[in-house]
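This one's a predicted model, so the numbers in the text were calculated from it and none came from an experiment. Reminder, nothing fancy here: chain letters follow the sequence lines and each chain counts from 1.
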Amino acid sequence: MCKAENPLVPKIATIESIIEETEDIKTFRVILDNKNEKEAFNHKPGQCGMVSVFGVGEAMISITSTPTRKDFLEFSIKKVGSLTNVLHSMDVGETIGIRGPYGNYFPYDAIKGKDLIFIGGGIGLAPLRSLINYAIDNREEYGNIHIIYGARSYKDLAFKEELFNIWPSIKDTKVDVTVDSPCEEWNGNVGFVPAFLENISPNPQDSIAITCGPPIMIKYVLNTLQKIGFDEKQVITTLEMKMKCGIGKCGRCNIGHKYVCIDGPVFTLEELKLLPNEF
Amino acid sequence: MKSYYIKGHDINIFFKTVIESRQLIAPVKEDDVILFRKINKIEDIVLNYENTIVPPKNLFFPQSEKLFEYKNEDNKVFIKNNQSYKERVIFGIRMCDIESLNLLDNIFDKGFNDSYYKEKRENTILIELGCTNLCKKGFCSSLELVQNSTSADIVFYPVREDFFVTINTIKGENLIDLIHFKESKEDMASLIREATLGDKTIISSIPQELDEIFENKIWEEISQKCIGCNVCTYVCPTCHCFDMCDIGNRKQGERIRCWDSCMNSRFTQMAGNHNPRDEKQQRVRQRILHKFKYYPEEHGKVACVGCGRCLQKCPVGMDILENLRKVKEAGCNV
């Protein structure tokens, strides 16, 4: 048998808890069964795991939990296709597979001392959350934290407990939320995230903006950030493409000559501008 | 390293000896096509052919390959992964295909460990069969491929009815030592007939910057004929895209990987309906840019060996060389 680890064979994990964030988003907290694999996993904020449902297939999902909270891994998964539909039907105690951690990561070290502005849309808040909570767990190492988030409606806002109760209570941490269309339960801002961002107009000085959401939202947000004075080195995003192997061999997830699974998913705007428009 | 001169009929001694200790894979004729097959009877081996229709990538990166088996019992999943690869000899590989394995090595034998490919590669002795003519649709000389490639363990170069054999590696030497052939002091160059291997218009990677050619109208023009049958990617010795899927059910089954094609309309289809390459011209662009721009920028060589299989098999006559020329020209006219 091979001496080195076989990256195409998943590690086994058990679902420890499931939180229903919205009608179609669930956060799965899982624990790797094998103690050594669990200790060695050590992901960095922004990395992803290839989640397996045996008999159905795999999907690359960003790890939404911070590595500073070591005992578990969290994946926040939206029900959009065949695999995620089955995942959403699974219970606590059931088994999944995990390969990873894969991909590059947010430059959490290089951005120390800066003000962090997170701009998320819908499920896009999930990858950002790993860095948000990492920064919160290392609070003194970062400047002000500003979270700007929006979803289709109040019902579709993910991570409500953190958004409304936990994060606003953290030192020098501000949360601004918007929804696309008005709804009964919501008294806050109504409007799309890019316009909301432009209204808020965060100060680019000594700041880093990190954004994730539907491709169209990312494109508008990147334009808006540049419009309000952010330099392309100050803007970071995390992208998503269809993936299969997750290890840079199956040829599927490239944007130009970069494979999102190994050269991404995290890209600065400066790097993104060198890539062709095919995502 | 040593060389030998082997009389034509003595090659059977060679085959017989190999078969005794290892698996022998060589070209056979099946229903009018030439394919690499495991040899049980050495009479099946053909020596008079251009090339196999399915490239030898299939012997290292099979069309379909089991990755592991799984079994789910009361929420406990067990994975069984018993790879074991016999030592084998592949005889009759052309120099273009030998080079294709070097190009595939940059994908499968670098970065993350791919033991499925790697162990097959390690357990295989490659024997090149020298080319004395250019294949009907081949354009290998434009890629400056070299005969008597040192990537092959052994090269059999046909000289009239006989063979001039050179050994390039210890693996090769250990195999040949099993048979007591007469050593030759001749020099390969003096014996190789100057084969007509085509014109020397050299094919190089696309020099233009990506932003000069990516949005060019030329892609629409050259992709018009394509019907998306995917044959080019299957017969191409350097195409390596694959899919992974589970065969079975939630209780038990196996995960496999199998060839896939970037030319397929759903190749980049994501759940939730977003498809970055849902137009045919985007996929044709991806294939050509991958082979002649992205891969060479990363690895220093174009991902094409000039075997001509795509030209042979395309049902609508898409010509990758012609298309490449048009792209480079369009880039110059920007």
More than 12 heavy atoms of other residues, nucleotides or ligands under 6.0 Å from NZ of B:K80: is that the case? no

Most heavy-atom pairs under 4.5 angstrom with chain A, which of B:M244, B:K76, B:E297? B:M244

Are the side chains of B:R250 and A:M90 in touch, meaning some heavy atoms are under 4.5 Å apart? yes

Identify the two heavy atoms, one from A:V80 and one from B:A271, that lie closest to each other, and give their separation to 0.1 Å. CG2-CB, 3.5 Å

No-hydrogen, no-angle side-chain donor-acceptor test under 3.5 Å, B:E215 and A:N277: no

Side chain / backbone / both / neither for A:P214 at chain B, heavy atoms under 4.5 Å: neither

Taking atom NZ of A:K249 and atom CZ of B:F108, what is their separation to the nearest 0.5 Å? 7.5 Å

Tell me, do B:H274 and A:E240 make a side-chain contact under 4.5 Å, heavy atoms counted? no

Quick check on B:Y116 against chain A: is it the side chain, the backbone, both or neither that has a heavy atom closer than 4.5 Å? side chain

Taking the side chain as every heavy atom from C-beta outward, state whether A:R252 and B:D243 have any pair of such atoms under 4.5 Å apart. yes

In B:K251, B:E254, B:R255, the residue satisfying side-chain contact (heavy atoms from CB on, under 4.5 Å) with A:F54 is B:R255

Answer yes or no: does atom NZ of A:K79 have more than 12 heavy-atom neighbours from other residues, nucleotides or ligands under 6.0 Å? no

Quick one: does B:R257's side chain get under 4.5 Å of A:C245's, heavy atoms only? no

Counting heavy-atom pairs closer than 4.5 Å to chain B, which one of A:G93, A:G248, A:A59 comes out on top? A:G93

Between the side chains of A:K244 and B:D260, is the shortest nitrogen-to-carboxylate-oxygen separation below 4.0 Å, so that they form an ion pair? no

Between A:M243, A:K78, A:K242, which residue shows the highest count of heavy-atom pairs closer than 4.5 Å to chain B? A:K242

Please determine whether the number of non-hydrogen atoms from other residues, nucleotides or ligands lying under 6.0 Å from atom OH of B:Y117 exceeds 12. yes

Atom pair CH2/SG of B:W259 and A:C250 - distance to nearest 0.5 Å: 16.0 Å

What part of A:I262 gets within 4.5 angstrom of chain B, counting heavy atoms only: side chain, backbone, both, or neither? side chain

Does a sphere of radius 6.0 Å around CD in B:E220 hold more than 12 heavy atoms from other residues, nucleotides or ligands, not counting ones at 6.0 Å or beyond? no

Which answer fits B:Q286, side chain, backbone, both or neither, if we ask what part of it has an atom under 4.5 Å from a heavy atom of chain A? side chain

Most contact-rich option vs chain B, by heavy-atom pairs under 4.5 angstrom, among A:G81, A:S52, A:P276, is A:P276

For chain B, find which of A:L275, A:N254, A:I12, A:L274 contributes the most heavy-atom pairs closer than 4.5 angstrom. A:N254

CZ/B:R325: more than 12 non-hydrogen atoms of other groups inside 6.0 Å: yes

Select one option (side chain, backbone, both, neither) describing which atoms of A:I247 are under 4.5 Å from chain B's heavy atoms. both

Could you please state which residues from residues 56-74 of chain B sit under 4.5 angstrom from chain A, measuring non-hydrogen atom to non-hydrogen atom, sorted by number, or 'none'? B:L67, B:F68, B:Y70

So, the part of B:T268 with a heavy atom under 4.5 Å from chain A: the answer is both

Interchain contact, B:L289 with chain A, by part (heavy-atom threshold 4.5 Å): neither

Greatest number of heavy atom pairs closer than 4.5 Å to chain B - which of A:D33, A:V56, A:T14: A:V56

Part of A:V53 within contact of chain B (heavy atom distance under 4.5 Å): both

Give me the atom names and distance for the closest heavy-atom approach of A:G55 to B:D246. N-OD2, 2.8 Å

Using the rule given for side-chain contact (heavy atoms from CB on, under 4.5 Å), can you reason through B:Q282 versus A:E278, listing the C-alpha separation, both sets of side-chain angles and the distance that settles it, and then say yes or no? CA-CA 9 Å; B:Q282 295 169 322; A:E278 56 170 1; 5.8 Å; no

Hey, does A:L8 have a side-chain heavy atom less than 4.5 Å from the side chain of B:F112? no

Sort A:F279 into side chain, backbone, both or neither according to what part of it lies under 4.5 angstrom from a heavy atom of chain B. backbone

Using a 4.5 Å cut-off on heavy atoms from C-beta on, say whether the side chain of B:P276 contacts that of A:M241. yes

Around B:K280, counting heavy atoms of other residues, nucleotides and ligands shown, do more than 12 lie under 6.0 Å from its NZ? yes

